[in-house]
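One structure is given here, and the rest of the page talks about it.
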Amino acid sequence: MDDRSDDHDIEVEGGNYAYDRKISGILDDGSVGFQQPLLARNRKNTTSQIAIVGANTCPIESLDYEYFQAFFAFAGCNLILATAAASLCAFIAPAAAGSGIPEVKAYLNGIDAYSILAPSTLFVKIFGSIFGVAAGFVVGKEGPMVHTGACIANLLGQGGSRKYRLTWKWLRFFKNDRDRRDLITCGAAAGVAAAFRAPVGGVLFALEEAASWWRSALLWRTFFTTAVVAVVLRSLIELCRSGKCGLFGKGGLIMFDVNSGPVLYSTPDLLAVVFLGVVGGVLGSLYNYLVDKVLRTYALINERGPGFKVMLVMAVSILSSCCAFGLPWLSHCTPCPIGTEGKCPSVGRSGIYKSFQCPPNHYNDLSSLLLNTNDDAIRSLFTSRSENEFQISTLAMFFVFVYFLGIITYGIAIPSGLFIPVILAGASYGRLVGRLLGPVSQLDVGLFSLLGAASFLGGTMRMTVSLCVILLELTNHLLMLPLVMLVLLISKTVADCFNKGVYDQIVTMKGLPYMEDHAEPYMRNLVAKDVVSGPLLSFSRVEKVGVIWHALKMTSHNGFPVIDEPPFTEASELCGIALRSHLLVLLQGKKFSKQRTTFGSEILRSCKARDFAKAGLGKGLKIDDLIISDEEMEMYVDLHPITNTSPYTVLETLSLAKAAILFRQLGLRHLCVVPKTPGRPPIVGILTRHDFMPEHVLGLYPHIDPLK
């Protein structure tokens with residue numbers, strides 16, 4: 001063999017190698033050196049040693065790699081799993097798409113949106129998140145697990161499911177709004193505790209982010225729930241330590257153990273932490289802005305039907321596979337760190353050192369992040385084993401990949417969480433900053449990675465206490481508490497200057513009337529009667545059946561004021577509010593009278609309390625289910641037995657800001673507005689949560705400055 005640099009076909013010990021790269025020459029040890037990694041090799045029973053480590057050279061044993069076949073197999077498997085997840089979401093339970101945390105948060109605020117906690121949503125959420133994570137998307141399972149816990153709690157709270165023959169009589173004790181809300185809060189906390197193996201973090205997450213109303217009894221209930229989760233998890237992990245359960249038993253209750261000794265930091269380190277917090281807040285607010293734009297774009301596509309939802313998922317899956325398989329070719333091979341014999345590279349098993357196209361005892365650092373499980377990738381970024389384990393260019397490419405692909409992926413029709421993409425992006429960005437500041441900082445790159453993840457989480461989620469505890473429980477590094485607290489506070493403060501948290505933005509984008517715990521500034525300039533929607537539709541205490549049926553048929557109101565009028569009282573006065581669901585039950589019972597007289601005692605004897613209990617999803621009566629004859633339409637029914645005779649009322653001159661705070665803190669559905677002066681109708685109108693929404697108020701008064 002001669003030493004010509006333009007040879008392209010080289011015969012080595014009976015094997016033929018086809019290359020499209022120029023040969024750099026024969027090395028001293030007889031091996032051949034190449035300037036770039038090989039894209040394809042064809043070998044027949046050879047043991048030649050070829051150097052393919054970028055510009056570096058070392059002898060290796062040639063292996064028969066079919067990279068194009070590997071790519072099509074990789075992309076094909078991902079595409080099949082992605083299509084399965086998308087089909088479940090698009091055709092069975094569209095409400096299961098996305099994280100689910102905004103929907104749970106909205107439900108606990110008093111918004112009972114259709115099918116967000118239905119059994120079908122639970123089924124799709126479980127299997128769709130499995131398929132979605134396995135398909136290689138840049139998504140997490142933590143958000144879907146919160147939604148899953150809430151769905152299970154709702155199933156218990158509504159007494160099971162008669163549709164699927166899962167009912168138990170003892171569950172009827174929970175069939176009221178408050179107990180069901182408490183159960184769902186516990187379910188959300190259990191989901192966080194199971195996803196992050198952070199029981200205390202689950203309690204604080206429910207307190208800080210999920211629940212709108214909190215009380216002392218709910219505190220110990222959520223704490224008990226997460227304690228049970230921790231015990232069950234611990235038992236299953238111990239059971240699976242033999243390796244028969246796959247990756248489930250890895251790591252114990254601490255998922256990312258970075259406890260590497262004392263943490264020493266000086267003034268330059270604190271300045272670096274402040275820098276991380278500021279940049280994390282800016283990047284987090286930009287992330288939220290881009291997610292909002294992408295979600296609005298995807299909404300236009302998803303409105304065209306389930307088929308378009310599936311095609312969008314397939315397109316994103318192909319893009320993710322191309323990036324995950326193609327980007328590692330831009331990275332050089334790195335020698336395995338000392339002391340990792342037998343672990344580096346990890347071939348045919350889970351591990352943090354992926355060889356990809358590299359020779360033995362070498363690994364591709366970018367493929368170790370891209371072609372790995374999310375947990376192993378985070379564990380690799382948090383590790384403090386070697387400062388140079390990942391090159392600066394690798395960290396930069398991985399950050400850009402996770403940042404933008406996470407934005408593109410969130411919003412497609414699969415169950416997807418935001419925690420893992422945000423942690424991955426923040427950890428890579430933090431480790432990159434740690435590498436750049438290595439000469440002047442006492443903190444190692446693993447701790448910088450943890451702080452970067454905290455800053456990015458604070459900039460996107462806008463949580464502080466719960467995120468701090470979750471990160472400490474994840475990493476088992478209590479000594480990092482002061483720095484994590486500092487970076488979370490700074491990132492949240494900076495990001496709040498630009499926009500809201502990502503979950504709040506999604507709630508607003510979905511059009512859910514979420515009520516904040518504070519009144520808007522412009523509400524101080526308005527009174528309650530200024531935003532009352534009309535015309536008001538009310539019933540008399542003894543009302544004609546046809547009038548009630550027509551009102552229920554023509555409107556979607558859920559509450560109607562009931563007025564006592566002569567001859568039953570001397571003057572018209574407000575009797576109370578009757579709910580739509582109760583009116584339907586009353587009409588179904590057909591306890592009518594041909595005379596306009598009171599006969600409420602007969603109705604009370606014929607009805608039971610559980611007849612008026614809140615129905616489960618899809619079980620309630622509808623107006624189209626009632627069959628009422630023309631003769632019955634002319635009869636009368638007494639509404640007093642089903643009327644709430646002690647509704648909350650406010651004067652029409654009450655400040656709208658005070659009315660909003662009262663409505664929110666009491667957890668009301670209806671707030672009656674009554675006149676200040678006598679001689680007028682006994683009720684001016686009814687306020688619902690829609691009347692407090694900024695879109696409604698500013699639509700009525702466009703000249704008002706929303707900031708004043």
message: Go through it in stages, so that I can follow the logic: the residues are F398 and F390, the test is ring-ring contact (aromatic ring centres under 6.0 Å, His included), and I'd like the CA-CA distance, side-chain angles, deciding distance and then a yes or no.
response: CA-CA 10 Å; F398 183 71; F390 298 103; 8.4 Å; no
field: Worked verdict on F382 versus L474 for side chain to side chain contact (heavy atoms under 4.5 Å, CB included)
entry: CA-CA 11 Å; F382 281 176; L474 275 175; over 6 Å; no
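At least one donor-acceptor pair under 3.5 Å links the side chain of N364 to the backbone N or O of P328. In this structure, the side chain of D365 does not engage the main chain of T334 through any donor-acceptor pair within 3.5 Å. A donor-acceptor pair is defined here as one N or O able to donate and one able to accept, closer than 3.5 Å; such a pair exists between the side chain of N109 and the backbone of M515. In this structure, the side chain of Y429 does not engage the main chain of A453 through any donor-acceptor pair within 3.5 Å. The main-chain N or O of I116 is found under 3.5 Å from a side-chain atom of H147 such that the two form a donor-acceptor pair. No side-chain donor-acceptor contact under 3.5 Å links R431 to the backbone of S449. Looking only at distances, a side-chain donor or acceptor of S129 sits under 3.5 Å from a matching main-chain atom of K125. Between the S285 side chain and the V282 main chain, a donor and an acceptor come within less than 3.5 Å of each other.
Closest of all the heavy-atom pairs between P335 and Y363 is O-CE2, 3.5 Å. Heavy-atom minimum distance, T225 versus A190: CG2-CB, 3.7 Å. The shortest heavy-atom contact between P144 and G98 is CG-O, 4.5 Å. In terms of heavy atoms, H362 sits closest to C333 at CB-CB, 4.3 Å. A495 and G459 make their closest contact through CB-O, 3.5 Å (heavy atoms, listed as atom of the first residue, atom of the second, distance). Residues L698 and P706 share a closest heavy-atom pair of CD1-CB, 4.0 Å.
Few gaps surround CZ on F74; more than 12 heavy atoms of other groups in view lie less than 6.0 Å from it. Residue Y289 places its OH atom among 12 or fewer non-hydrogen atoms of other residues, nucleotides or ligands, all under 6.0 Å distant.
By the side-chain contact (heavy atoms from CB on, under 4.5 Å) test, A657 is found to be paired with A519, M523, R524, S655, residues two or more places apart in sequence or in another chain being considered. The ring-ring contact (aromatic ring centres under 6.0 Å, His included) test applied to F399 returns Y403, not counting sequence neighbours. With sequence neighbours left out, the ring-ring contact (aromatic ring centres under 6.0 Å, His included) criterion links F692 to F663. Remark: Y265 pairs with no residue by the ring-ring contact (aromatic ring centres under 6.0 Å, His included) rule, at least two apart or across chains. Judged as a ring-ring contact (aromatic ring centres under 6.0 Å, His included), and not counting sequence neighbours, Y503 has no contacts. Every residue meeting the disulfide (SG to SG under 2.5 Å) condition with C336, not counting sequence neighbours, appears here in chain and number order: C344. Residues satisfying the side chain to side chain donor-acceptor pair (under 3.5 Å) criterion with E238, sequence neighbours excluded, are R234, R241. Legend: residues meeting side chain to side chain donor-acceptor pair (under 3.5 Å) with N288, ordered by chain and number and at least two apart, are absent.
The stretch residues 203-214 participates, sequence neighbours left out, in these salt bridge (Lys or Arg N to Asp or Glu O under 4.0 Å) pairs: K105-E209. Judged as a salt bridge (Lys or Arg N to Asp or Glu O under 4.0 Å), the pairs with a partner in residues 505-514 (not counting sequence neighbours) are, in order, E103-K510. Within the structure, side chain to side chain donor-acceptor pair (under 3.5 Å) pairs that include any residue of residues 482-494 comprise K492-D496 (at least two apart or interchain).
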Report all side-chain donor-acceptor pairs from residues 267-277 shorter than 3.5 Å, counting only partners two or more places apart or in another chain.
residue, atom, partner, partner atom, Å
D269, OD1, S441, OG, 2.6
D269, OD1, Q442, N, 3.2
D269, OD2, S266, N, 2.8
D269, OD2, S266, OG, 3.4

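With hydrogens and angles left out, the side-chain atoms of T373 and D376 include a donor and acceptor closer than 3.5 Å. Defined by atom type and a distance below 3.5 Å, a donor-acceptor pair is missing between the side-chain atoms of S212 and D517. For the residue pair S321/N78, the side-chain donor-acceptor check at 3.5 Å is satisfied.
Using a 4.5 Å heavy-atom threshold, the side chains of F401 and L327 count as touching. Taking the side chain as every heavy atom from C-beta outward, V291 and Q505 never approach each other to under 4.5 Å. Looking only at side-chain heavy atoms (C-beta outward), L457 and L471 come within less than 4.5 Å of each other. Residues Y353 and N372 have side chains not in contact (no heavy-atom distance under 4.5 Å, counting atoms from C-beta outward). In this structure, L443 and L483 have side chains that are in contact, with non-hydrogen atoms separated by less than 4.5 Å. No side-chain heavy atom of L451 sits less than 4.5 Å from a side-chain heavy atom of V433. For the pair V316 and I408, the minimum side-chain heavy-atom distance is below 4.5 Å. Residues L319 and L405 meet the side-chain proximity criterion, which asks for heavy atoms closer than 4.5 Å.
One finds no salt bridge joining R379 and D375 here, because no Lys/Arg side-chain nitrogen approaches an Asp/Glu carboxylate oxygen to under 4.0 Å.
Distance check, rounded to the nearest 0.5 Å: OG of S416 to CD of E142 gives 11.5 Å. The CG atom of L436 sits 5.0 Å away from the CD1 atom of I392 when rounded to the nearest 0.5 Å.
Ring centroid separation for the pair F456 and Y287 comes in under the 6.0 Å cut-off.
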